[in-house]
Amino acid sequence: MTDGDATGASAAEGSDAASTGSGNREGGRGRDVVVPMPLYKVVTVFSTLIAVVSVVFGFMLLDAATLNVSFLGNFVRSVLAFVGLQIADGILSTVFAAVGLAIIAFGAGVYIIGTRFRARGMGKYQEDSGEDSNNNG
């Protein structure tokens with residue numbers, strides 16, 4: 001086997017891998033999951049939706065943790081008072097903050113996992129493509 005044969009064989013294998021969607025898995029970048037286009041659309045839409053709702057709700061809980069004028073904080077306090085539970089403001093504030101941060105982290109995790117999916121035939125990011133960039137300035 002000569003150098004030309006080895007180079008040609010590896011180039012052919014690389015193009016076969018790109019055409020099947022499995023991609024190059026060098027350097028730990030091969031964590032993408034190739035799925036059909038309809039499933040890709042569902043995963044993308046719902047992972048983004050869950051992430052956005054989680055982040056917004058998490059920040060609402062962080063706002064409620066400040067015990068200032070907050071719709072959610074006042075609502076939870078009034079529900080607790082209606083039920084007959086008396087919880088100290090410090091404990092309630094801590095619970096709001098902890099749950100808010102946990103929900104924001106959950107939304108970020110869902111979004112990260114959702115970005116691992118790609119449809120068959122989709123290209124990789126430009127920095128992963130191995131092409132030389134001509135941006136010099």
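Quick caveat: nothing in here was measured; it's all calculated off a predicted structure.
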Rounded to the nearest 0.5 Å, what separation is found between the [atom1] atom of [X] and the [atom2] atom of [Y]?
{"X": "Leu101", "Y": "Leu62", "atom1": "CG", "atom2": "CG", "value": "5.0 Å"}
{"X": "Leu49", "Y": "Thr44", "atom1": "CG", "atom2": "OG1", "value": "12.0 Å"}
{"X": "Leu72", "Y": "Phe57", "atom1": "CG", "atom2": "CZ", "value": "5.5 Å"}
{"X": "Ile103", "Y": "Met60", "atom1": "CD1", "atom2": "CE", "value": "10.5 Å"}

Side chains of [X] and [Y] in contact at under 4.5 Å (non-hydrogen atoms):
{"X": "Arg77", "Y": "Leu92", "value": "yes"}
{"X": "Val35", "Y": "Val43", "value": "no"}
{"X": "Phe59", "Y": "Asp63", "value": "no"}

| request: Start with the C-alpha gap between Phe96 and Val76, add the side-chain angles, then the distance that decides, and say whether side-chain contact (heavy atoms from CB on, under 4.5 Å) holds. | output: CA-CA 10 Å; Phe96 280 145; Val76 169; 3.7 Å; yes
Taking every non-hydrogen atom, the tightest pair across [X] and [Y]:
{"X": "Ala65", "Y": "Ala97", "value": "CB-N, 3.7 Å"}
{"X": "Ser47", "Y": "Gly114", "value": "OG-CA, 3.8 Å"}
{"X": "Gly107", "Y": "Ser54", "value": "CA-CB, 3.6 Å"}

State plainly whether one hydrophobic cluster holds both [X] and [Y], where clusters connect Ile, Leu, Val, Met, Phe, Trp and Tyr through side-chain heavy atoms under 4.5 angstrom apart.
{"X": "Phe46", "Y": "Val52", "value": "no"}
{"X": "Val42", "Y": "Ile50", "value": "no"}
{"X": "Leu61", "Y": "Phe71", "value": "no"}
{"X": "Val83", "Y": "Leu80", "value": "yes"}
{"X": "Val45", "Y": "Phe106", "value": "no"}

| task | Would you sort out whether Arg118 and Val34 count as a side-chain contact (heavy atoms from CB on, under 4.5 Å), showing the intermediate values? | result | CA-CA 5 Å; Arg118 55 184 182 98; Val34 178; 3.8 Å; yes
| task | In sequence, state the C-alpha distance, the side-chain angles, and the governing distance for Leu39 and Phe117, and then conclude on side-chain contact (heavy atoms from CB on, under 4.5 Å). | result | CA-CA 9 Å; Leu39 181 59; Phe117 289 84; 5.5 Å; no
